[in-house]
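For reference, the structure is listed below as structure tokens.
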There are 2 protein chains.
Amino acid sequence: MNLSPLVQSFVLHFGEMGSRWGINRTVGQIYALLYVSEKPLNADEIAESLSFSRSNVSMGLKELESWRLVRLQHFPGDRREYFSTPDDVWAIFKTLAEERKKREVEPTLTMLRGAIMETPASDAERHAQQRMKEMHQLIELVTTWFSDIQHMDVETLQRLMKLGSQVQKILQFTHSLSKLTSRDGDRE
Amino acid sequence: MNLSPLVQSFVLHFGEMGSRWGINRTVGQIYALLYVSEKPLNADEIAESLSFSRSNVSMGLKELESWRLVRLQHFPGDRREYFSTPDDVWAIFKTLAEERKKREVEPTLTMLRGAIMETPASDAERHAQQRMKEMHQLIELVTTWFSDIQHMDVETLQRLMKLGSQVQKILQFTHSLSKLTSRDGDRE
DNA sequence: CTCAATTTTCAGGAATTTCTGAAACTTTGA
DNA sequence: TCAAAGTTTCAGAAATTCCTGAAAATTGAG
């Protein structure tokens with residue numbers, strides 16, 4: 001199969017960016033190819049299009065499966081497995097965010113929680129622990145917020161995003177509102 | 001200098017995570033060490049603490065400078081350069097997000113914009129281009145939203161995050177409000 | 001069950017990235 | 001201007017990661 005110039009540049013770009021995104025060239029290119037492909041592709045087609053060895057493609061697809069970024073399907077009368085990416089870009093985005101969270105931040109949170117539990121044995125440790133607490137607090141806040149947001153339906157999410165920094169105004173409004181109505185509005 | 005166990009495990013963790021975050025072991029460890037250190041450290045102290053060669057530390061610090069994650073300072077009567085991380089974790093987070101955006105998404109946006117401009121030469125290209133448009137739109141929306149949010153002051157940002165998915169309710173409220181007051185409230 | 005089609009595994013070669021020591025460069029104080 | 005203190009550069013060694021071909025394992029039709 002011969003890739004058209006447009007597709008080719010897209011595929012090559014994903015290959016090159018791969019290393020920055022923590023995946024390798026093969027995986028990046030395979031994903032890009034599947035993403036723009038009109039129909040699902042089998043491993044041989046992928047290997048041929050990208051000039052990778054069949055085994056390399058197999059490993060790349062396994063990696064993509066572990067990221068839950070590809071879907072697998074079969075066609076009647078054909079034993080080969082066909083791969084594609086979900087159509088809904090929002091779903092893709094959410095999956096990606098979840099996986100990155102699991103791989104890139106969860107382990108750190110665990111480590112931080114452990115470290116914060118320890119009894120500091122020196123002044124230096126006390127200070128270090130304080131810094132870790134600050135980091136932990138921030139990560140915790142940001143990630144739970146993220147998962148909150150992820151569970152919103154796409155409609156609302158888009159509206160929120162389009163609103164941009166204007167949320168600030170609504171927030172200020174409701175904040176002063178709560179100050180008016182609540183007995184201890186300026187606590188916090 | 002001898003690292004206390006608490007600091008050591010923190011430093012080692014950052015070293016190991018380094019590769020997942022797109023930086024290397026040295027850079028990860030140096031950053032971690034500076035982050036928990038009570039006072040700024042010079043390159044020799046870092047090299048000794050982490051048992052890296054002096055030159056490796058130099059390259060690592062350069063890398064961290066390019067990420068704008070370390071500050072450089074001097075002490076009177078000492079010609080050596082001392083390094084530290086900003087105290088404010090929110091500032092750190094913002095810097096990190098900006099840099100990652102610059103390195104990991106901006107190039108892709110540029111590529112996508114270019115590809116979308118082209119005139120498709122086939123059916124496959126037409127489809128590919130459509131997919132690229134979807135991706136472009138999503139990335140554009142998410143990143144501009146992100147930079148909107150970044151420009152909010154930390155107070156507001158924290159309030160927004162603590163609110164979590166409850167924004168949804170406020171949003172729904174204001175949405176129906178605008179429907180009531182605006183002549184064409186259900187356009188979008 | 002058998003066999004051919006297909007996929008996966010894996011040892012080791014290729015490519016890339018990281019790290020070091022030596023040398024070059026820069027800065028500053030005398 | 002020079003020398004000492006400090007920093008950066010860079011060639012190549014070391015370590016790691018990627019990729020391949022061959023072989024093993026799996027799958028499903030007959």
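Computation of the quantities below employed the complete heavy-atom set of this structure, encompassing side-chain atoms and omitting hydrogens, waters and symmetry-equivalent molecules.
Of the candidate nucleotides dC19(D), dT7(C), dA22(C), dT7(C) has the atom nearest to the side chain of A43(A). Nearest to the side-chain atoms of R80(B) among the listed nucleotides dT8(C), dT20(D), dG6(D) stands dG6(D).
Classification of the F10(B)-F14(B) ring pair by plane angle, with boundaries at 30° and 60°, yields tilted.
We find that CG of N42(A) is positioned 12 Å from P of dT8(C), with the value rounded to whole Å. The separation between F52(B) atom CZ and dA14(D) atom P is 18 Å, rounded to whole Å. Rounding to whole angstrom units, CG of residue L61(A) and P of dC18(D) are separated by 16 Å. Computed from coordinates, the Q73(B) CD to dG6(D) C1' distance equals 17 Å when rounded to whole Å. In this structure, D78(A) places its CG atom 9 Å from P of dT7(C), rounding to the nearest Å. Rounded to whole angstrom, the span from the CG atom of N56(B) across to the C1' atom of dT16(D) amounts to 15 Å.
Salt-bridge formation is detected for the pair E134(A)/R131(A): a Lys NZ or Arg NE/NH1/NH2 atom is positioned less than 4.0 Å from an Asp or Glu carboxylate oxygen. Contact check on K101(B) versus E98(B) returns no salt bridge, with no Lys/Arg side-chain nitrogen under 4.0 Å from an Asp/Glu carboxylate oxygen.
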For nucleotides 26-28 of chain D, print each protein N/O atom paired with a nucleotide N/O atom at under 3.5 Å, atom names and distance only.
from	atom 1	to	atom 2	distance (Å)
dT27(D)	O2	R79(A)	NH2	2.5

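Closest-nucleotide positions on DNA chain C for S19(A) and F83(A) were compared, and the one nearer the 5' end corresponds to F83(A).
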Should L141(B) and Q137(B) be marked as a side chain to side chain contact (heavy atoms under 4.5 Å, CB included) after you check the CA-CA gap, both sets of side-chain angles, and the distance that decides it? CA-CA 6 Å; L141(B) 180 58; Q137(B) 221 171 16; over 6 Å; no
